[in-house]
Number of protein chains: 2
Amino acid sequence: MLKATKESKGPDDGRRGDIVRAAARLFRDKGYDGASMRAIANAVGMQCGSPFYHFASKQDILVAVVEEGLRQGLEKTRAVISPSLIAREQFLALVKVHLSIILEEGNDFIPVMLYNWRCLDDMHQRRLIATKDEYDAIWQDAINALAKDGLIQSEPKFARLMILGSMNFMVTWYKQRPGDSLETLADKVVQFCLCS
Amino acid sequence: MLKATKESKGPDDGRRGDIVRAAARLFRDKGYDGASMRAIANAVGMQCGSPFYHFASKQDILVAVVEEGLRQGLEKTRAVISPSLIAREQFLALVKVHLSIILEEGNDFIPVMLYNWRCLDDMHQRRLIATKDEYDAIWQDAINALAKDGLIQSEPKFARLMILGSMNFMVTWYKQRPGDSLETLADKVVQFCLCS
DNA sequence: CCTACCGATCGGTAGG
DNA sequence: CCTACCGATCGGTAGG
């Protein structure tokens with residue numbers, strides 16, 4: 001009786017969630033245009049027309065991927081926010097969680113958003129940008145605190161763009177190696193960004 | 001008699017060059033898969049089959065775009081290298097030229113390379129990566145000099161990835177405003193990256 | 001969710 | 001470099 005019934009609206013439940021995850025993987029690997037509906041369908045063992053039982057269009061699948069990414073990202077990010085942390089430790093925690101969001105295997109949603117944003121209709125962009133702004137606001141607060149402690153010297157708004165940009169671009173070059181962890185990487189990011 | 005004759009091999013001469021420039025613009029705006037051969041042809045006033053008189057395939061146009069980007073990029077970058085500059089000034093000069101390469105209007109080649117690299121065949125990737133490495137080596141030298149002067153505290157190789165990554169990601173968010181110049185932006189980048 | 005199919009568009013080609 | 005066309009593949013749909 002504790003299990004979700006058919007009324008469950010969990011975004012990754014059932015076949016719909018399978019499609020979203022498979023699409024995210026394929027969009028990340030081949031791009032939105034490069035991943036065909038047939039490839040997405042086959043990746044979850046369906047025939048080529050069947051995803052359209054769950055989604056009205058390919059565009060709607062992309063929207064679902066980005067929404068799921070923002071939802072998970074905001075959830076994980078809010079979970080490491082703690083007023084008791086000093087600025088540097090709060091920043092390190094944010095860097096760690098962001099690196100896991102964009103680099104950890106299976107976390108394809110945010111990379112898809114970052115590199116396929118322009119494939120979204122204007123309407124969907126406008127709607128989703130509000131959630132993106134929430135994400136940015138969390139970072140801005142943490143970076144403002146760094147500035148107050150003298151740990152960065154740039155304008156905090158510019159620093160946010162540089163910091164998130166340098167991490168987001170890691171998607172294009174980071175290859176997971178057995179030796180090093182994302183924790184080590186996070187330490188290096190903090191060391192690079194802060195002057196102390 | 002000083003003008004180039006039909007023997008000229010200048011990469012941007014004539015209709016071939018027109019195609020490469022138009023394709024770069026479209027690849028940047030819509031992505032490699034999103035820009036059709038018909039759109040490229042029409043952008044230079046050709047019919048849909050005519051670009052194939054100049055290029056064997058769409059892939060070959062992408063290769064030409066990336067090659068032209070690397071050629072121009074290396075040329076402009078080498079032009080600002082000067083052993084007489086102190087580390088910080090050399091770094092500023094490199095940042096300035098890199099920002100112009102990726103953000104100035106009409107400079108679509110390197111952005112296409114950065115965001116459509118995976119659309120290149122493995123063979124072409126392998127061949128072009130050698131030139132990319134030359135590019136990186138110039139930056140690495142300049143950043144090693146910064147480290148020697150104590151202006152950065154990270155490992156120089158990691159610093160290079162962070163610095164170029166933060167700039168390369170600007171392609172996704174920078175909008176040219178009438179007020180501010182790339183020079184101002186370059187100053188801010190240097191201020192953020194160096195601890196002094 | 002499958003079967004069978006649609007019109008549109010794709011990259012590319014032959015012949016001139 | 002244009003004309004006219006090719007086979008393949010695309011996103012999407014009707015009917016069950």
Side-chain angles (χ1 to χ4, degrees), chain A residues 5-66 112 116 118-124, chain B residues 6 8-66 112 116 118-124:
Chain A
T5 63
K6 70 181 173 192
E7 292 297 328
S8 166
K9 285 285 184 179
D12 49 6
D13 284 351
R15 298 300 273 153
R16 192 177 191 279
D18 292 341
I19 294 169
V20 173
R21 279 186 294 274
R25 176 72 186 271
L26 284 162
F27 290 160
R28 179 173 188 169
D29 286 350
K30 309 195 168 199
Y32 178 71
D33 290 318
S36 68
M37 287 298 298
R38 279 158 177 81
I40 295 169
N42 292 340
V44 293
M46 285 179 177
Q47 297 301 315
C48 71
S50 301
F52 293 101
Y53 171 78
H54 298 278
F55 293 92
S57 67
K58 187 183 182 183
Q59 174 79 198
D60 283 358
I61 299 182
L62 177 60
V63 170
V65 168
V66 173
V112 168
N116 295 275
R118 290 186 294 176
C119 297
L120 288 164
D121 294 344
D122 285 352
M123 189 190 65
H124 291 117
Chain B
K6 71 181 174 193
S8 166
K9 285 287 185 177
D12 48 6
D13 286 349
R15 299 299 273 152
R16 192 178 191 278
D18 293 341
I19 294 169
V20 173
R21 279 186 294 273
R25 178 71 185 272
L26 286 162
F27 289 161
R28 178 174 187 168
D29 286 351
K30 311 195 166 198
Y32 178 71
D33 290 318
S36 68
M37 288 299 298
R38 279 158 178 82
I40 294 168
N42 293 340
V44 293
M46 284 180 177
Q47 297 303 315
C48 73
S50 302
F52 293 102
Y53 171 76
H54 299 278
F55 293 92
S57 66
K58 187 182 183 185
Q59 174 79 199
D60 282 358
I61 299 182
L62 177 59
V63 170
V65 168
V66 174
V112 168
N116 296 275
R118 288 186 295 176
C119 297
L120 288 164
D121 295 343
D122 285 351
M123 189 190 64
H124 292 118

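Letters go in sequence order (proteins before strands), and every chain restarts at 1.
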Residues passing the side chain to side chain donor-acceptor pair (under 3.5 Å) test with A:R38, sequence neighbours excluded, are none
- Query: Which is true for B:S36 with a 4.0 Å heavy-atom rule: it touches a base, it touches only sugar-phosphate, or it touches nothing?
  - Reply: sugar-phosphate
Does B:R15 reach a base, just sugar-phosphate, or nothing at all? Heavy atoms under 4.0 Å. sugar-phosphate
Is B:Y32 reaching over with its side chain to a backbone N or O of B:Q59, donor-acceptor style, under 3.5 angstrom?
yes
- Find out whether A:M37 and A:I61 are in side-chain contact, i.e. whether some heavy atom of one side chain is under 4.5 Å from a heavy atom of the other. yes
Rounding to 0.5 Å, atoms CZ (A:R118) and CZ (B:R28) come to a distance of 8.0 Å
First and last nt of DNA chain D near chain A, cut-off under 4.0 Å to heavy atoms, 5' to 3', are D:dC10 to D:dT13
- Message: What contact category does A:G34 fall into here, base, sugar-phosphate, or nothing, at under 4.0 angstrom with non-hydrogen atoms?
- Response: nothing
Residues of residues 52-66 of chain A with a heavy atom under 4.0 Å from any atom of DNA chain C, listed by number, are A:Y53, A:H54
Axis-to-axis angle for the helix from C:dC1-D:dG16 to C:dG16-D:dC1, ends of five pairs each, to 10°, equals 0°
In terms of heavy-atom contacts, A:P51 and A:I19 come closest through CA-CD1, 4.1 Å
Shortest non-hydrogen pair, A:F52 vs A:S57, comes out as CE2-CA, 4.0 Å
The salt bridge (charged side-chain N to carboxylate O under 4.0 Å, His left out) partners of A:D29 (sequence neighbours excluded) come to A:R25
Examine distances only and state if a side-chain atom of A:D33 and a backbone atom of B:D33 form a donor-acceptor pair shorter than 3.5 Å. no
request  = Using a 4.0 Å heavy-atom cut-off across all strands, classify B:A41 as base, sugar-phosphate, or nothing.
outcome  = nothing
Rounded to the nearest 0.5 angstrom, the OG-CD1 distance for A:S50 and A:I40 is 13.0 Å
Residues passing the side chain to side chain donor-acceptor pair (under 3.5 Å) test with A:R15, sequence neighbours excluded, are A:D18
